[in-house]
Amino acid sequence: MPSLFDGASARIEAALEHIEISEDVAQRLAQPDSALKVSVPLRRDDGRLTVYSGYRVRYDSTLGPAKGGIRFHPDVNADEVSTLAFWMTMKCAVMGLPFGGGKGGVAVDPKELSPAELERLSRTYIDAIADFIGPDSDIPAPDVNTNPRVMGWMADQYRIIRRAHTPAVITGKPIEMGGSAGRTTATGDGAFHALATMMERWERQADGTTVAVQGFGNAGQRFAKLCANAGYTVVAVSDSSGGIHNAEGLDIESLIEAKNDKGSVTEAEGEALSNADLITMEVDVLAPAALESVITADNAEDVSAGVIVEIANGPIASEADATLIDNGVAVLPDILANAGGVTVSYFEWVQNRQAWYWDAETVARRLEDRMVGATRALADRAKDEHVDLRTAAYIMALEKIDRAAAAVGTTEFFRARQG
Ligand code: NAD
């Protein structure tokens, strides 16, 4: 199996069959601008010291400061962080945000830590990367297993280190610390707007359309709730403990309650279902909203859904692309479908820099405008180029970065000058 990063690069190759970009840009995008690996020592509640590995990668800053979340998960590693930072680069470019791409993480299982240990870990990680990040260079945000509280600890630690209030260094903060209205729900909201925009194009109705959501965290829960409210039938959801199914439609509120109060959706009413079966079940719309590579060459042929909304980053391994395209599965690619989060992070950064805060309606309206606009532009481009939506997204992102790079000069420019 190719590394996650090799798989990600394959998508660039596919886009480059349709457009030409400067050789300089292609070369620069083949590796990250800078990658930091740090030790994150944690004094445990019982006095022991445990040292974790932490990472922060700035992949590309052609369009602006690097932007990307921080993940706490035992599987975090250098390849994964680089790949996630690369995807952030493409995502910000597709969305027309003035950011490059970055990502960070600590290889830790936060479920094994007490709240006080989690706070110390969050602060120590920022101590380790403080010289690498900043509101004009690299701006972290939440990702898997990190949330507004963790961002609050991190922003506070940065303030202590710098001896200055610098809220724009981290987004996804609690509202009281300069967070934006609408940030917590933004990823699910954005994915829903992307799906709704495409459904309109396809002249399909929510009524009678079935949906399955893998991963019932921040993004998956919100997406499932919006789908149910809009008239879709959400027939299956899952989390790391497994899934549940009801052909008549699940009650999303009671699933959220089961997840919050008892730790898993499997505690709610419904027939049990494995995560593997959820991916291949008969459903119209499949939304993987957990981790990478859940659809691979091994199970792509068995996917029955006609539409996949990639809420997670990289849920489809690149080796599965051809099978899904051949089988007529429409994939709303991650670099568009989950871009609601970074879009409202951008709004938060703007509000922090101006110290001028927007109400929830303004944030929601601006997010919807951006998501609908980007999805329509992507669908148009895919049609013009006769390519799938993912390839169109990469084409648009690469063009954007290429134009920005050309503005400061490329080999082609300097050669032409020499005559
Ligand atoms: P989260 O930690 O809130 O939720 C993750 C969910 O996935 C949990 O319900 C967990 O139980 C479930 N899960 C974990 N392992 C699983 C497995 N093997 N099978 C099934 N379910 C599993 O995380 P989140 O913020 O909702 O992020 C989910 C995905 O969305 C990630 O890929 C993340 O990178 C992506 N994403 C999140 C945001 C954001 O703003 N939160 C933005 C863009 C992309």
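For ligands, and for the atoms within them, numbers begin at 1 and follow the listed sequence.
- Pocket lining of ligand 1, defined as residues with a non-hydrogen atom under 4.0 Å away: Arg71, Asp143, Val144, Asn145, Arg183, Thr187, Gln214, Gly215, Phe216, Gly217, Asn218, Ala219, Asp239, Ser240, Lys259, Asn275, Ala289, Ala290, Leu291, Ile311, Ala312, Asn313, Asn338.
- With hydrogens and angles ignored, the 3.5 Å screen pairs no side-chain donor or acceptor of Thr166 with any backbone N or O of Arg162.
- Using bins of under 30°, 30° to 60° and over 60° for the plane-to-plane angle, the ring pair Phe72/Tyr125 lands in the perpendicular bin.
- A side chain to side chain donor-acceptor pair (under 3.5 Å) with Lys67 holds for exactly one of Thr89, Asp138, Thr171; it is Thr171.
- Remark: side-chain polar atoms of Thr62 are not paired, donor with acceptor, to backbone N or O of Ala405 under 3.5 angstrom.
- Between Tyr346 and Phe99, the ring planes are perpendicular. Angles over 60° get that label, and only those under 30° would be called parallel.
- A donor-acceptor pair is defined here as one N or O able to donate and one able to accept, closer than 3.5 Å; such a pair exists between the side chain of Glu310 and the backbone of Asp334.
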